[in-house]
Amino acid sequence: MTSRTDIFSNLSARQKEAVQHTGGPLLIVAGPGSGKTRVIAHRIAYLVSVEGIAPWRILAVTFTNKAARELRERAEGLVGGANSGLQVRTFHSFCALVLRRDGGRIGLDSAFSIYDADDQQRLVRDILEELELDPKQFAPRAILAGISDAKNKMIDDSRLSKLTKSYFEEVVARVYARYTELLGTANAVDFDDLLLRAHTLFEDHADVLETYQDRYRHVLVDEFQDTNAIQFSLARLLAAKHRNICVVGDPDQSIYSWRHADIRNLTDFQTVYPDAKVVTLDQSYRSTQTILEAASGVIANNDERLKKDLWTDNGRGSPVTVGEAYDEDEEARVVLQEINRLVDEEKYDRSEIAVMYRTNAQSRAMEAACNRHGIAYQLVGGTKFYERKEIRDTVAYLRLIVNPADDAALQRIVNVPARGISPRSVDIIRSIARSRGTSMLGVILLAGDERADDEDQGLAGALNKRALKSVRAFADLMERLIEQSIVLSVVELIDLTLERSGYKRLVQEDKERGEERWDNILELRGSASTFDGPEPRERLIEFLENVALVSDVDSLEDDQDAITLITLHQAKGLEYDAVFMIGLEEGLLPHSRSMESVADLEEERRLCYVGMTRARNRLYMFHAFQRGFRGSRGAMLPSRFLDEIPPGCVETVSIRRNTRRIGAGGARSYDPESIKRRAAAPAQAKARTGAFRVADRVTHDTFGEGIVIEAVESGGDTEVTVAFGSGNGLKKLMADFSGLKKVVPTDSTAASREDPELGDAFLDAP
């Protein structure tokens with residue numbers, strides 16, 4: 001176990017003050033890069049090693065699995081390993097744990113399913129159809145937003161029906177009531193329910209709450225500025241007995257109001273706890289002084305904040321580079337050019353470089369440019385692994401095995417692979433289930449029981465013999481899989497399910513994407529292997545919960561030799577050696593939806609601040625003269641946030657259209673030797689690659705070997721179209737920029753082909 005000396009080693013005076021405070025509420029205002037994760041981990045170590053608090057009596061909650069995993073690893077490294085019993089979880093994960101253990105007190109079985117956005121929309125569409133309402137007039141997304149808003153205000157469906165002021169709100173209330181009823185029938189919850197039902201459990205059952213209060217003597221909440229009303233109330237309830245609540249956050253980084261986060265939870269913490277000790281961490285260990293001054297200059301224009309003056313010992317560093325491109329394509333090209341220079345000349349790792357933007361749609365130009373120039377990248381928030389069809393289908397089978405009442409999972413796979421159960425048959429099954437207040441699988445299993453036919457003529461009488469036979473075969477399949485889930489590990493159950501259902505054969509017979517889809521399933525299978533152990537069904541429930549609560553950032557791979565493309569919202573909590581912020585224009589950042597509200601505009605400014613403070617050493621901020629967005633194209637004004645950066649922190653670069661490098665301009669000055677090196681780079685690249693011709697064999701660091709099928713001169717460079725093997729397909733690359741190389745021939749015949757005296761005549765020789 002860590003000694004007192006080790007706990008305080010390499011901590012600043014402010015950090016030590018936060019670590020060793022005990023007895024009562026503590027507010028830590030932590031600026032970006034101020035070492036808050038380190039402080040929380042060392043505070044946990046102090047409580048265990050010095051104050052003698054058992055690790056299992058400490059609860060720490062944060063907002064992403066990635067952040068929870070990092071904090072847990074640091075803390076366990078200090079307190080003595082993974083068997084300490086320390087609880088470090090996300091809010092949703094903690095509430096799921098509570099409901100698995102004690103949800104029976106409010107009528108929730110421990111095998112409940114967690115419905116994702118797709119499941120929720122499917123359910124709302126069914127309800128709208130049942131209520132004879134047009135989904136085009138009442139969009140399921142809008143209905144769900146209204147339901148979510150009510151839940152986050154802790155308003156149930158009966159109370160909402162009394163608060164309606166418009167016909168749309170009346171529809172939301174009607175759908176909400178039926179939605180709640182059907183979730184109950186399906187033994188399912190949505191993400192909002194995890195918080196709301198745990199809160200209800202604590203409020204309605206004082207003995208359950210007291211059990212958790214006695215267990216957790218200290219409650220620590222990270223990223224407190226991102227909590228909503230329910231989360232703050234949960235934290236207060238848990239800490240009410242011992243009052244040892246420690247919250248860490250920064251109001252300048254509150255950017256999730258659309259998720260119902262309430263910045264006032266942090267700014268008003270001292271009102272709720274008048275005796276709270278406040279420690280401000282204003283020393284940054286991440287960014288240069290120039291980056292901090294630039295970011296501080298922007299955020300200083302907000303009124304609703306706790307003032308702090310960020311500083312660092314890291315040195316001033318390079319100025320913030322601000323540049324204008326002609327359009328989004330030139331912006332992407334220039335960004336990649338500068339990334340290439342950072343990698344080649346300044347030896348930056350690609351994995352430590354990120355391109356950030358306001359909306360997901362802005363990734364298009366960057367992705368196209370990366371593919372064109374052969375730059376490896378990982379996209380955060382694109383097609384998510386767990387949203388791929390083969391993954392969702394496999395998980396749906398497992399969900400139904402665990403929770404036979406899960407109608408959403410059943411409807412997804414009841415006829416996948418095709419087994420003769422038509423949409424009409426599914427409608428009949430659903431209608432009978434709804435009329436009886438039971439699950440669809442319950443109806444199907446009853447139809448599969450020959451002895452029940454006389455008693456259950458509903459389904460047997462409604463389906464033709466062929467359909468009924470198919471339904472009974474599905475009933476038999478699910479019955480066998482449910483039985484086997486008691487004894488088989490998660491991996492073994494996945495294997496059996498894929499084999500018995502025919503899904504393995506379906507995927508592998510897909511001639512176009514079968515190999516890729518099967519690889520994805522094997523990846524899922526590999527992740528399931530970590531959930532091996534006694535009580536197989538309990539391990540299966542844990543696995544499915546882990547799948548349900550995964551977030552975009554959790555899939556981010558730190559060791560990939562690739563740049564990261566990520567939205568500013570998703571970048572929260574991350575850091576990189578170099579950050580490129582693109583699309584710094586009025587209407588994008590700040591977003592057009594924020595223009596009429598001071599509060600919304602301040603949140604956009606906080607979003608810009610978050611992006612700027614992700615950078616350790618280099619920060620680039622680009623805007624375009626014109627941009628295509630949402631189907632239209634027009635001239636753009638530079639973002640007002642650029643004008644708020646102190647002039648002494650900025651170097652301005654002018655970007656000439658159709659040039660291949662950033663030109664010197666404004667306050668920027670280049671070392672003459674550096675200019676010579678960069679000017680000579682295209683010629684040196686040409687010398688390395690040689691002239692590419694059709695049928696040349698080439699190789700690329702990312703895409704492997706390929707054959708040139710077209711080579712066209714373009715703007716002083718050569719655009720080379722290459723057919724790569726290993727499933728990489730056709731790629732268009734710029735020869736000077738991509739690192740494309742010819743495969744050097746080794747045999748005498750190939751060597752003679754390259755003889756300059758033979759020219760192209762050799763190609764025509766017999």
Side-chain angles (χ1 to χ4, degrees), residues 64-67 116-118 255 328-329 331-340 342-343 348-392 513 516-517 519-520 523-524 527 547 550-584 588-589 607 610-611 614-615 620 622 624 627-630 700-703 724 726-733 737-738:
T64 68
N65 293 324
K66 184 180 178 69
D116 62 17
D118 187 71
I255 58 174
E328 67 270 27
D329 293 324
E331 178 183 62
R333 178 182 57 76
V334 171
V335 166
L336 292 185
Q337 166 126 19
E338 182 64 3
I339 288 174
N340 235 29
L342 290 175
V343 171
Y348 277 60
D349 290 333
R350 283 189 177 85
S351 62
E352 292 295 343
I353 299 174
V355 181
M356 301 179 184
Y357 35 83
R358 175 63 175 82
T359 67
N360 277 308
Q362 288 173 261
S363 72
R364 182 205 60 80
M366 285 304 309
E367 288 186 79
C370 286
N371 287 324
R372 182 181 180 86
H373 297 297
I375 303 295
Y377 68 92
Q378 55 176 331
L379 176 67
V380 180
T383 302
K384 305 173 186 68
F385 178 79
Y386 289 102
E387 290 185 3
R388 292 168 180 163
K389 185 180 186 307
E390 58 273 13
I391 300 303
R392 291 185 65 88
R513 296 186 54 246
E516 175 191 347
R517 295 177 66 198
D519 283 345
N520 289 335
E523 181 72 19
L524 177 73
S527 67
V547 169
V550 74
S551 68
D552 296 342
V553 177
D554 296 330
S555 63
L556 189 61
E557 298 182 27
D558 297 327
D559 57 352
Q560 273 200 355
D561 185 25
I563 66 173
T564 299
L565 308 183
I566 189 169
T567 68
L568 290 163
H569 281 101
Q570 292 162 331
K572 175 75 178 303
L574 305 178
E575 57 184 71
Y576 298 88
D577 286 342
V579 168
F580 291 78
M581 294 173 62
I582 61 175
L584 271 293
L588 270 180
L589 188 66
L607 188 59
V610 165
R614 298 311 93 194
Y620 299 81
F622 285 104
R627 185 181 300 273
F629 188 62
R630 292 185 174 175
H700 187 272
D701 290 344
T702 301
F703 305 124
F724 288 102
S726 302
N728 286 314
L730 292 179
K731 303 290 181 185
K732 289 184 180 291
L733 307 172
F737 196 70
S738 65

Nearest-0.5 Å distance that lies between atom CD in Glu516 and atom CD in Glu390: 7.0 Å
Over all atoms of both residues, closest heavy-atom pair of Leu568 and Val610: O-CG1, 4.3 Å
Test item: Leu336 and Val355 side chains (from C-beta on) under 4.5 Å apart, heavy atoms: no
Value rounded to 0.5 Å, distance of CE in Met356 from CG in Leu565: 10.5 Å
Residues in side chain to side chain contact (heavy atoms under 4.5 Å, CB included) contact with Ser363, at least two apart in sequence or another chain: Tyr357, Glu367, Leu379
Leu589 to Met581 - nearest heavy-atom pair and separation: CD2-CE, 4.3 Å
CZ on Arg517 to CZ on Arg388, rounded to 0.5 Å: 11.5 Å
Qualifying residue, where the test is side chain to side chain donor-acceptor pair (under 3.5 Å) with Arg627 and the options are Glu328, Glu331, Gln362: Glu331
Atom of Ala578, atom of Tyr348 and distance for their closest heavy-atom approach: CB-CE2, 3.9 Å
Trace of the side chain to side chain contact (heavy atoms under 4.5 Å, CB included) decision for Val343 with Ile353: CA-CA 9 Å; Val343 171; Ile353 299 174; 4.1 Å; yes
CA sep, side-chain torsions, deciding dist, call: Leu574, Ile566, side chain to side chain contact (heavy atoms under 4.5 Å, CB included): CA-CA 11 Å; Leu574 305 178; Ile566 189 169; 3.6 Å; yes
Expected output: side-chain Asp116 to main-chain Asp118 donor-acceptor under 3.5 Å: yes
Close side-chain approach of Ile391 and Val547, heavy atoms under 4.5 Å: no
Side chain to side chain contact (heavy atoms under 4.5 Å, CB included) between Met366 and Tyr377, intermediate numbers included: CA-CA 10 Å; Met366 285 304 309; Tyr377 68 92; over 6 Å; no
CA sep, side-chain torsions, deciding dist, call: Phe580, Leu342, side chain to side chain contact (heavy atoms under 4.5 Å, CB included): CA-CA 12 Å; Phe580 291 78; Leu342 290 175; 3.9 Å; yes
Which residues share a salt bridge (charged side-chain N to carboxylate O under 4.0 Å, His left out) with Arg614, sequence neighbours left out: none
Glu352 side chain to Asp349 backbone, donor-acceptor under 3.5 Å: no
Ala332 versus Ala365, closest heavy-atom pair with distance: CB-O, 3.7 Å
Flag side-chain contact, heavy atom, 4.5 Å: Ile339 against Val335: yes
Where Gly611 and Val579 come nearest, the two heavy atoms and their spacing: O-CG1, 4.0 Å
Closest contact, heavy atoms only, Thr359 versus Thr567: C-CG2, 4.2 Å
Asp577 and Arg350 ion-paired at < 4.0 Å: no
From CA spacing to verdict: salt bridge (Lys or Arg N to Asp or Glu O under 4.0 Å), Asp519, Arg513: CA-CA 10 Å; Asp519 283 345; Arg513 296 186 54 246; over 6 Å; no
